Structures are given as C-alpha cells and as structure tokens.
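I have placed the structure first, in the form of structure tokens, so that the comments after it can refer back to it.
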Amino acid sequence: MIRLSALVAAVALATVASTAQAQKTGAEVYATCSACHQANGQGLPGAFPPLAGSEWVTGKADIPIAIVLHGLQGQITVKGQKYNGVMASWGTTFNDDQVAAVVTYIRSQWGNKAPAVTKADVARVRAATKARKGAFTEAELKKL
Ligand code: HEC
C-alpha cells in the first residue's frame with residue numbers, strides 16, 4: 001500500500017509538472033504574439049484585434065489553429081468591431097507542440113474558458129491544410 005500511494009503521488013506530481021511546463025511553453029510562445037495582441041490579450045483598437053473574449057479564439061479549435069498556422073487577411077469582425085489587416089503565418093516558425101501550447105494558452109487566459117488543444121489536433125489541421133498558400137480569410141474560417 002505504501003508503494004502504491006507513493007506511485008500515485010509521483011504520478012500526480014509528474015502531471016502537475018507537465019501541466020506547468022505546457023503552460024510555460026504557451027506563455028513563452030505567446031511572447032511572439034503579444035507585440036500585436038498585447039500581454040493582456042486586448043489587442044490595439046483599429047489595428048490588432050483582441051484575443052480576450054474573441055469568438056474566433058474560443059470557438060471551434062480548428063479556427064485558431066488554422067489562423068496561427070497560415071495567418072489571416074482581409075476584413076474580419078471580432079467582438080462586433082471590424083478589422084482589416086494582415087497577420088503573418090507562424091506554421092513554419094512553430095512546431096505542432098508549440099502551436100498547441102499557444103492556442104491552448106490563448107483559449108484559457110483573460111477569462112477565456114475554451115478546452116485545450118493537443119499536438120494531434122494541430123497535426124490534423126496542418127495535414128488538412130497542407131496544400132494551401134496564403135492566409136485565411138473570414139469566409140474560409142467559417143467553413144472550417
Ligand atoms: C505583427 C502583428 C501580429 C502578430 C505578431 C500576431 N498577430 Fe494575430 N492578428 C494580427 C492581425 C492584424 C489580425 C487581424 C487580421 C485581419 O484583419 O484579417 C490578427 C488576427 C488574429 C486572430 C483572429 C482574430 C481574433 O482577434 O481573434 C487570432 C486568433 C490571432 N491573430 C492569434 C495570434 C497568435 C496566437 C499569435 C502568435 C503566435 C499572433 N496572432 C501573432 C496581428 C498579429
């Protein structure tokens with residue numbers, strides 16, 4: 001019994017450690033995004049849309065994954081405000097683990113409460129969108 005409880009405690013500790021590691025990685029990757037979207041996820045009015053409370057971030061997981069992998073261009077409405085800029089793609093800068101970490105991070109910060117995404121989710125979206133060239137548009141995101 002003592003051995004079993006020690007094992008349970010070790011597994012619990014390892015889980016806490018790996019969760020902390022995943023969060024740290026998400027926060028680290030987010031340092032790249034915060035130049036535009038800001039550390040508090042509020043963006044900058046008229047230039048960079050907010051991630052805090054964004055329906056695109058907290059909706060279907062494939063949407064923020066696709067945006068990070070391929071970028072976004074053209075008019076998009078976020079929280080009732082229109083933006084019309086260009087966001088670069090990050091799919092060659094970040095691997096599946098890093099994309100999963102940052103998307104999980106933005107879905108769970110600043111009051112956002114959407115489920116985590118996994119490396120496998122990112123790999124699936126990456127494979128499904130492999131042939132595409134250029135950034136997504138709002139209309140295309142709605143079809144994902
Ligand atoms: C150089 C500035 C810049 C950086 C860096 C940047 N973005 Fe963006 N992002 C934008 C702009 C501009 C748009 C809106 C594009 C448009 O108008 O079509 C956008 C849109 C988005 C959207 C969809 C709209 C919304 O507000 O929900 C998400 C999600 C997003 N970015 C996530 C990220 C993540 C995650 C990173 C870091 C990996 C990142 N962005 C890095 C400029 C940036």
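Owing to the predicted nature of the structure, the values given are computational and were not obtained by experimental measurement. Just follow the structure's listing: the first ligand is 1, and inside any ligand the first atom is 1.
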query: Does Trp56 offer a backbone N or O that forms a donor-acceptor pair with the side chain of Ser54 under 3.5 Å?
result: yes
query: Just heavy atoms, cut-off under 4.0 Å: does Val86 contact ligand 1 by side chain, backbone, both, or neither?
result: backbone
- prompt: Do any nitrogen or oxygen atoms of Gly85 come within less than 3.5 Å of a nitrogen or oxygen of ligand 1?
  reply: yes
field: Non-hydrogen side-chain atoms of Glu140 and Leu144 separated by less than 4.5 Å
entry: no
field: Donor-acceptor pair, side chain of Thr104 and main chain of Ala101, under 3.5 angstrom
entry: no
message: Under the side-chain contact (heavy atoms from CB on, under 4.5 Å) test against Val117, which residue among Val99, Ile65, Asp62 passes?
response: Ile65
task: Could you check if a side-chain atom of Met87 sits within less than 4.5 angstrom of a side-chain atom of His37, using non-hydrogen atoms only?
output: yes
Minimum side-chain heavy-atom gap Val102-Cys33 below 4.5 Å: yes
- request: Report the relative orientation of the aromatic rings in Tyr105 and Trp110; use parallel for angles under 30°, tilted for 30 to 60°, perpendicular for over 60°.
  value: perpendicular
query: So which heavy atom in the protein is nearest atom 5 (C) of ligand 1, and how far is it from that ligand atom?
result: Thr32 O, 3.4 Å
statement: Nearest heavy-atom approach of Pro50 to Val78 is O-CG1, 3.7 Å
query: Is any side-chain heavy atom of Ile76 closer than 4.5 Å to a side-chain heavy atom of Lys82?
result: no
message: Counting only heavy atoms closer than 4.0 Å, does ligand 1 sit against the backbone of Ala88, its side chain, both, or neither?
response: neither
- prompt: For atom 8 (Fe) of ligand 1, how many protein N, O or S atoms lie at less than 2.8 Å?
  reply: 2
message: Need the ligand 1 atom indices (1-based, order shown) with element for anything under 4.0 Å from a heavy-atom of Ile76.
response: 16 (C), 17 (O), 18 (O)
- prompt: Quick one: which ligand 1 atoms are inside 4.0 Å of a heavy atom on Val57?
  reply: 27 (O), 29 (C)
query: atom 18 (O) of ligand 1: which protein heavy atom is closest, and how many Å away?
result: Gly74 O, 2.6 Å
query: Do any nitrogen or oxygen atoms of Pro50 come within less than 3.5 Å of a nitrogen or oxygen of ligand 1?
result: yes
- request: Please identify which atoms of ligand 1 are closer than 4.0 Å to at least one heavy atom of Tyr83.
  value: 17 (O)
message: Once you restrict to heavy atoms under 4.0 Å, what part of Asn84 touches ligand 1? Side chain, backbone, both or neither.
response: backbone
field: Minimum side-chain heavy-atom gap Lys113-Thr58 below 4.5 Å
entry: no
N or O pair under 3.5 Å between Ser54 and ligand 1: yes
